[in-house]
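The block underneath contains the structure these notes are about, expressed in structure tokens.
Values in this document were obtained by computation on a predicted structure and should not be read as measured data. Here is the naming used below: chain letters follow the sequence lines, and residue numbers restart at 1 for every chain. Side-chain atoms are counted along with the backbone in the values below, which use heavy atoms only and exclude waters and symmetry mates.
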Amino acid sequence: MSSSRQIAVTINGTVYEREVEARKLLIHFIRDDVDLTGSHIGCDTGNCGACSVIVDGTLVKSCMMLAVQADGSSIETVEGLANGDELPVLQQAFSDHHALQCGYCTPGMLMSATALLRMNPKPSEDEIKKGLQGNICRCTGYWNIFEAVSAAAERMSE
Amino acid sequence: MLLREVEYAKPTSVAQALAILSENDGARALAGGQTMINVMKARAASPDALVDLAALEGLKGIELAGDGTLSIGPMTTYTDLVVSAEAKARPILGEVCAQIADVQVRNRGTIGGNLCSNDPTNHLPPLMVSIGAQMTIAGQGGERVVTADEFFLGVYLTAVGPGELLTKITIPAGKRDAFAAVTLGVDGTCIASAAASVNGSLRIALGCVDATPVLLQPASADEGAVREAVRAAGIDPPADVHASSEYRMHLVEVLAVRAARQASERN
Ligand SMILES: Cc1cc2nc3c(=O)[nH]c(=O)nc-3n(C[C@H](O)[C@H](O)[C@H](O)COP(=O)(O)OP(=O)(O)OC[C@H]3O[C@@H](n4cnc5c(N)ncnc54)[C@H](O)[C@@H]3O)c2cc1C
Ligand code: FES
Ligand code: FES
């Protein structure tokens with residue numbers, strides 16, 4: 001038993017080996033230790049989803065997990081979605097459909113939508129709503145977000 | 001948020017986990033963390049050490065026996081229960097787990113954590129009482145099995161004592177079950193809930209109205225009999241910002257009738 005631990009995690013393809021305190025939340029490891037500040041902290045209570053990342057293929061809220069629990073895993077954050085300067089289909093659809101205003105929730109929305117579309121490439125409107133249930137947006141009223149995800153699903157299946 | 005300093009261990013066997021838990025008074029099990037980490041943030045509890053159960057393969061998975069009995073490892077997540085072919089043997093399990101919170105919470109939260117936290121608003125405690133689940137509890141001295149009726153002892157309190165772990169949930173065969181709840185938004189926290197099961201006789205367990213699920217065994221699923229049973233149970237529900245005691249009492253009576261009817265109409 002110890003209060004800190006050496007961990008190795010892969011984030012967006014890069015391996016990071018760090019000594020972390022057991023009390024450190026995964027979101028702080030990602031933002032503060034690795035300096036990937038795309039993932040946000042909204043509520044810090046597991047309610048808003050702004051901190052959503054994909055750990056070993058599974059969508060999680062990174063404020064509800066300790067960094068030590070992620071040891072050995074492969075993590076995807078919003079920074080990993082784009083390849084180079086070109087926006088991938090989902091992000092382009094968010095832009096086209098005005099699916100963001102302040103943008104605070106957007107990284108989490110994008111990760112939840114990414115996880116949804118991988119599992120269910122042609123979601124119905126209800127399935128999109130259920131897929132994004134863990135993500136709160138205080139600006140858009142959600143409709144444009146649903147439209148963006150639906151349009152992205154259509155484009156990706158072309 | 002910065003948590004209070006905490007020690008961390010990730011044992012690789014149940015025996016090792018039990019040893020660490022019994023040697024350290026301030027040590028607590030860590031399952032999916034979807035309650036524990038918030039509790040630590042709020043400083044509602046500040047364990048000295050966390051014993052991460054994630055590497056204990058023996059605490060995962062769902063087994064279906066020939067007679068339809070399900071054995072579920074406590075580290076099985078809600079998502080596992082929703083997608084599992086075996087768990088479909090008792091359809092209500094996946095149906096209720098699909099209503100808990102959201103994708104992210106369902107991906108991390110476990111059946112064992114839900115039962116051991118015994119938050120009176122949680123979905124699974126009343127469900128386990130209604131379907132007659134049995135819990136296996138292990139300590140360094142050995143194992144014992146308790147019924148769901150005996151498992152929940154108080155708010156955040158269960159039969160799992162210091163130095164012990166919930167190691168298995170056993171669920172008998174059956175299909176005629178239902179769960180009815182009034183929640184804070186779709187798939188939100190329960191304001192009042194009722195789980196009903198017709199398996200031979202009718203069992204109804206009410207949630208959110210007392211420290212532990214309230215078991216009712218009315219003679220029939222008729223509306224009159226169920227209402228009578230709820231009224232005779234001597235419940236005095238707590239009041240909070242979501243519902244007064246009277247309103248919660250009203251809700252739980254309606255929900256009990258609804259769950260009993262839905263369970264008895266199923267085949
Ligand atoms: C935003 C949000 C919304 C939620 N909404 C709901 C809801 O609507 N309904 C609902 O039911 N739940 C809800 N929850 C709670 C969620 O379901 C939790 O996952 C669950 O209560 C605890 O499970 P866990 O695996 O995360 O356990 P943890 O948080 O890791 O542990 C909870 C407690 O159980 C103990 N424990 C865990 N496993 C064992 C074991 N095998 N043996 C002994 N002790 C053990 C731990 O020591 C701890 O005290 C919500 C959570 C969040 C963050
Ligand atoms: S910051 Fe993690 S859910 Fe809100
Ligand atoms: S765009 Fe502002 S919170 Fe969603």
Heavy-atom distance under 4.5 Å to chain A: side chain of [X], backbone, both or neither?
X: B:A54; answer: neither
X: B:V51; answer: neither
X: B:R106; answer: side chain

Under a 4.5 Å heavy-atom cut-off, does chain B meet the side chain of A:S112, its backbone, both or neither?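 Just the side chain, heavy atoms under 4.5 Å.
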Contact class of A:L25 relative to chain B, heavy atoms under 4.5 angstrom: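 Looking at A:L25, just its side chain touches chain B.
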Which residue, B:D52, B:V6, B:L3, forms the side-chain contact (heavy atoms from CB on, under 4.5 Å) with A:L66? B:L3
Without swapping roles, check the side chain of B:E5 against the backbone of A:R23 for a donor-acceptor pair under 3.5 Å.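 No, the answer is negative, given that no donor and acceptor are paired below the 3.5 Å cut-off.
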How far apart are the C-alpha atoms of B:V103 and A:Q133, what are their side-chain angles, what is the distance that settles it, and do they pass the side-chain contact (heavy atoms from CB on, under 4.5 Å) test? CA-CA 7 Å; B:V103 179; A:Q133 205 172 20; 5.7 Å; no
Atom OH of B:Y8 and atom OG of A:S3: how far apart are they, to the nearest 0.5 Å? 13.5 Å
Going from CE on B:M1 to NZ on A:K24, what distance comes out if it is rounded to the nearest 0.5 angstrom?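 B:M1 CE to A:K24 NZ: 15.5 Å, rounded to 0.5 Å.
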Scored by heavy-atom pairs under 4.5 Å with chain B, the best of A:D44, A:I27, A:V60, A:I41 is A:D44
So which of A:G49, A:A115, A:G46, A:C63 has the biggest tally of heavy-atom pairs under 4.5 Å with chain B?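 Option with the greatest count: A:C63.
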Salt bridge between B:D102 and A:K61, side-chain N to carboxylate O under 4.0 Å? yes
Taking every non-hydrogen pair under 4.5 Å, which of B:L30, B:V105, B:I20 racks up the most with chain A?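 Among the listed options, the one with the most contacts to chain A is B:L30.
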